[in-house]
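Data block below; observations after.
Everything numeric here is computed off the predicted structure, so don't read it as measured data. Computed from heavy atoms alone, side chains included, the values below leave out hydrogens, waters and symmetry copies. In each ligand, atom 1 is the first atom listed, and ligand 1 is the first ligand listed.
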Amino acid sequence: MASTLFFTNCHLSPFSSTAAAALRRHPIRVAPTSLRFLALHSAPSQSSRVAAVAAMGTEASAKVIDGKLVAKQIRDEITAEVSRMKEAIGVVPGLAVILVGDRKDSATYVRNKQKACEAAGINSLEAFLPEDSTEEEVLNYISGYNEDPSVHGILVQLPLPSHMNEQNILNAITIEKDVDGFHPLNIGRLAMRDREPLFVPCTPKGCIELLRRYGVSIKGTRAVVIGRSNIVGMPAALLLQREDATVSVVHSKTLNPEEIIRQADIVISAAGQPHMVRGSWIKPGAVIIDVGINPVEDPNSTRGYRLIGDVCYEEAIKVASAVTPVPGGVGPMTIAMLLQNTLNSAKRIHKFE
Ligand code: GUN
């Protein structure tokens, strides 16, 4: 792993004990409105009742939002739909992935996407191009996949090598196959009222799906998105706004980010900064979605590193009403949403309900 970072073990660091002291001075009293974040659409399970009761005490313990479990449920649903479609009209959805260069993290993501496609019965096509390929070569692959009727989704793994113009390449994908939802027309429609994008970017879509499946009501809440990337932060903010949240975006130039984050009922963090969000930054009862997947050195791991989130999980679970872990939170949802977008694309193209 090329870019491992050093980090402080947040729950053991001096900062953490300050935060814990602050929390002891201001014991957590979950406001009635916060409790609605714990209500599931269906009857509350024993564990959610336990979490709700625990959240009212001073040693609050958040519900863990299990992205791995939800992603598995969604992938099972997709597998069943893929086979229903194949039996009914003989069409198998196809996803084409273009990977340029040899970044290890990108290669891992692409391999995982490939495996997930195979498991769901979706055809997977790959183009692995060397780092020094030209933009024209990538555009040629895109135009081939645009024309290929067996392909219903096209994904160019980002980031691209620095000599390529990302905008030219993403714009070349036909919007009917833009399963990443990064085409400016799809993003533009996402930003506008009364317009429907054909596809929504997978990671932010996965965040909203997690909130939905855990019965977190978004309407009327204050939401904060940390980070403003084209892939996650910006579309996540647009999606939350479409769900009637009042949204603030905190980024690297924001003054006093803690103050703004502390007002949020829902936080989606996509900062790419290990353990940046401390327990003391979180409003009691808030719901925390951690998109960060940050490699940090770990001599105890055989790989020499491990992955941690943007949020100090050990502190967050004492303050929030629900938190996603890293790994096992948002990560598995991204691939599940990609499969869902590919299936939906095939259904739309073949007018299959
Ligand atoms: N790189 C990191 N995340 C993504 C993603 O969701 N889509 C693509 N195409 N590249 C990425």
Let me check something: any side-chain donor-acceptor pairs from residues 113-121 under 3.5 Å, sequence neighbours excluded? List them with distances.
{"residue": "Lys113", "atom": "NZ", "partner": "Gln157", "partner atom": "OE1", "Å": "2.6"}
{"residue": "Gln114", "atom": "NE2", "partner": "Glu126", "partner atom": "OE1", "Å": "3.4"}

Give every donor-acceptor pair under 3.5 Å between a side-chain atom in residues 82-99 and any protein atom, sequence neighbours left out.
{"residue": "Arg84", "atom": "NE", "partner": "Glu81", "partner atom": "OE2", "Å": "2.8"}
{"residue": "Arg84", "atom": "NH2", "partner": "Glu81", "partner atom": "OE1", "Å": "3.0"}
{"residue": "Arg84", "atom": "NH2", "partner": "Glu353", "partner atom": "O", "Å": "3.0"}

Only distances under 3.5 Å count here; give the side-chain donor-acceptor pairs of residues 202-211 to other protein atoms, sequence neighbours excluded, each with its distance to 0.1 Å.
{"residue": "Thr203", "atom": "OG1", "partner": "Thr334", "partner atom": "OG1", "Å": "3.0"}
{"residue": "Lys205", "atom": "NZ", "partner": "Gln340", "partner atom": "OE1", "Å": "3.1"}
{"residue": "Lys205", "atom": "NZ", "partner": "Asn341", "partner atom": "OD1", "Å": "2.7"}
{"residue": "Glu209", "atom": "OE1", "partner": "Arg212", "partner atom": "NE", "Å": "3.3"}
{"residue": "Glu209", "atom": "OE2", "partner": "Arg212", "partner atom": "NH2", "Å": "2.9"}
{"residue": "Glu209", "atom": "OE2", "partner": "Arg213", "partner atom": "NE", "Å": "2.7"}
{"residue": "Glu209", "atom": "OE2", "partner": "Arg213", "partner atom": "NH2", "Å": "3.4"}

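Looking at Lys68 and Asp66, no side-chain N of the basic residue comes within less than 4.0 Å of a carboxylate O on the acidic one, giving no salt bridge.
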Run through all N or O atoms in ligand 1 and write down each protein N or O closer than 3.5 Å, as a pair with its distance.
{"residue": "ligand 1", "atom": "1 (N)", "partner": "Gln157", "partner atom": "NE2", "Å": "3.3"}
{"residue": "ligand 1", "atom": "1 (N)", "partner": "Leu158", "partner atom": "O", "Å": "2.9"}
{"residue": "ligand 1", "atom": "7 (N)", "partner": "Asp180", "partner atom": "OD1", "Å": "3.1"}
{"residue": "ligand 1", "atom": "7 (N)", "partner": "Asp180", "partner atom": "OD2", "Å": "3.4"}
{"residue": "ligand 1", "atom": "9 (N)", "partner": "Val156", "partner atom": "O", "Å": "2.8"}
{"residue": "ligand 1", "atom": "9 (N)", "partner": "Asp180", "partner atom": "OD2", "Å": "2.6"}
{"residue": "ligand 1", "atom": "10 (N)", "partner": "Leu158", "partner atom": "N", "Å": "3.0"}

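The neighbour count for Gln167 CD, taken as heavy atoms of other residues, nucleotides or ligands under 6.0 Å away, does not exceed 12.
In terms of modelled atom types and a separation under 3.5 Å, the side chain of Asp310 and the main chain of Pro274 share no donor-acceptor contact.
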